[in-house]
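Notes follow once the structure below has been shown.
Naming: A, B, ... by sequence-line order, numbering from 1 per chain.
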Amino acid sequence: MSERTGQPSHTSLYEENIAKEKFALIVRFGYVAMSVHLTNASPSQTMTATQFQRLPDREAAIRKLERIAADNLHNTLRILRYNQAEQIFLYRLSSKLIPLQTHELLADWDPYAALEQPLRELGEYGRQHRFRLSFHPDHFTVFSTPRQDVLMKSQQDLERHVSLFERMGLDERYKCNIHIGGTYGDKVAASDRFIQRILQLPERLRMRLTLENDDKTFTAKETLDTAHALGLPMVLDLHHHAVNHQGEHAVDLWADIQQTWSNEAVRLNQLEDELLAPKIHISSPKSEKEKRAHADYVEVDPFLEFARAIAPFTPRLDVMIEAKRKDAALFQLMQDLSTVDGISRINGAALEMFS
DNA sequence: ACCTGTCAAGTCTGG
DNA sequence: CCAGACTTGACAGGT
């Protein structure tokens with residue numbers, strides 16, 4: 001293996017997988033939060049703090065928040081049923097399922113009292129159909145921050161996401177993906193601070209994390225080093241890598257990135273579990289000028305080039321599509337890929353590449 | 001029914 | 001030091 005690819009050698013588990021898959025790469029695709037095909041199915045409906053305060057009856061206002069949250073959970077279940085019908089097994093949950101959950105106006109509100117049942121139902125459906133569900137707390141979750149107040153809020157927001165997983169009955173295989181954060185003029189100090197902060201987190205939060213390279217600050221290589229230091233899996237974003245790297249090639253980092261997922265599978269004693277297959281993000285630049293912004297759809301070629309290059313030493317890959325047109329972009333990409341030589345479609349959103 | 005402005009968050013840049 | 005850009009989907013309020 002290592003002679004063949006020039007990559008570092010791999011575990012015996014890895015060799016077994018390769019033998020079993022006969023050098024075929026199985027790729028599954030998914031999309032983020034909302035479907036553009038389903039109507040009136042937003043999982044992210046909300047209420048502004050201003051509106052909440054404007055309502056004279058606070059109890060009634062809270063009931064309204066709970067109705068919005070229940071509706072978001074119901075819409076998420078509708079989306080999962082749709083995903084099941086379309087055979088899409090990768091899906092990122094909305095971070096806005098429960099509006100104003102961490103707002104200081106609602107510090108005394110326990111939203112779970114009213115939402116326990118729908119959350120459990122959602123998690124059960126997800127487990128039953130083997131969906132790979134994830135969260136991506138937004139970019140205001142910054143553990144590299146030097147500010148204590150920002151750190152507190154970041155931990156609070158991560159806690160909120162992990163609690164949702166727990167209330168859904170979804171164990172540590174279900175992950176919250178985050179970025180490292182800002183540099184504040186000193187990248188080394190910032191990543192050191194990040195590492196120390198993550199090490200100080202309660203284990204139930206720390207072990208939910210995956211780390212993703214970002215488009216401005218921490219490159220894939222730097223994120224991989226940080227993931228190694230913390231023993232966390234890494235999600236490689238190919239678009240971010242394309243606009244933020246120091247000359248290194250994603251394919252050359254891949255063996256080590258893949259290894260972070262094998263390590264996690266070993267840690268959780270879930271060696272063959274597809275929930276812990278290595279995962280990447282793909283998206284395409286909106287335009288020449290707006291290289292970082294996401295386009296409506298995803299171009300085939302950059303993904304195809306990467307997938308072909310890693311196929312000889314990768315049995316399985318999960319791909320999250322980050323495109324404005326969400327599931328429509330997924331279907332378009334599947335169609336574009338299905339006409340390519342050496343690729344056969346397994347089902348709605350999974351395919352097999354032979355090498 | 002549609003359109004425009006606003007809302008949240010934290011970081012970073014430009015003035 | 002402060003204002004504005006960045007990002008995102010959806011609300012809020014106007015026509």
Honestly, is A:Arg308 close enough over A:Trp254, meaning NZ or CZ under 6.0 Å from the six-membered ring centre and within 45° of the axis?
->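 A:Arg308 over A:Trp254 ring: no.
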
Using whole Å, report how far [atom1] of [X] lies from [atom2] of [N].
X: A:Phe140; N: C:dA5; atom1: CZ; atom2: P; result: 15 Å
X: A:His139; N: B:dT11; atom1: NE2; atom2: P; result: 10 Å
X: A:Arg92; N: C:dG9; atom1: CZ; atom2: P; result: 11 Å

Side-chain contact check for A:Met34: nearest option of B:dC12, C:dA12, C:dA10 is C:dA10

Looking at residues 71-79 of chain A, who's got a heavy atom less than 4.0 Å off DNA chain B?
->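 None, since no heavy atom is under 4.0 Å.
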
Distance test, side-chain N/O of A:Lys324 to OP1/OP2 of C:dT8, below 4.0 Å = yes

Under 4.0 Å: is that the gap between some side-chain N or O of A:Lys96 and OP1 or OP2 of C:dG9?
->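 No, because none of the side-chain N or O atoms of A:Lys96 sits under 4.0 Å from OP1 or OP2 of C:dG9.
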
With a non-hydrogen cut-off below 4.0 angstrom, is A:Ser42 in contact with a base, only sugar-phosphate, or nothing?
-> sugar-phosphate

Just report the end-to-end axis angle for the helix from B:dA1-C:dT15 to B:dG15-C:dC1, five pairs per end, to 10 degrees.
->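 Taking the rotation axis at each end, their angle is 60°.
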
Among A:Met334, A:Lys326, A:Gln332, which residue meets the side chain to side chain contact (heavy atoms under 4.5 Å, CB included) test with A:Leu330?
->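 Going through A:Met334, A:Lys326, A:Gln332 one by one, the side chain to side chain contact (heavy atoms under 4.5 Å, CB included) with A:Leu330 is satisfied by A:Met334 alone.
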
Member of A:Arg130, A:Arg173, A:Lys279 meeting the salt bridge (charged side-chain N to carboxylate O under 4.0 Å, His left out) criterion with A:Glu274 | A:Arg130

Can we call the ring centroids of A:Phe89 and A:His129 under 6.0 Å apart?
->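 Ring centres of A:His129 and A:Phe89 not closer than 6.0 Å.
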
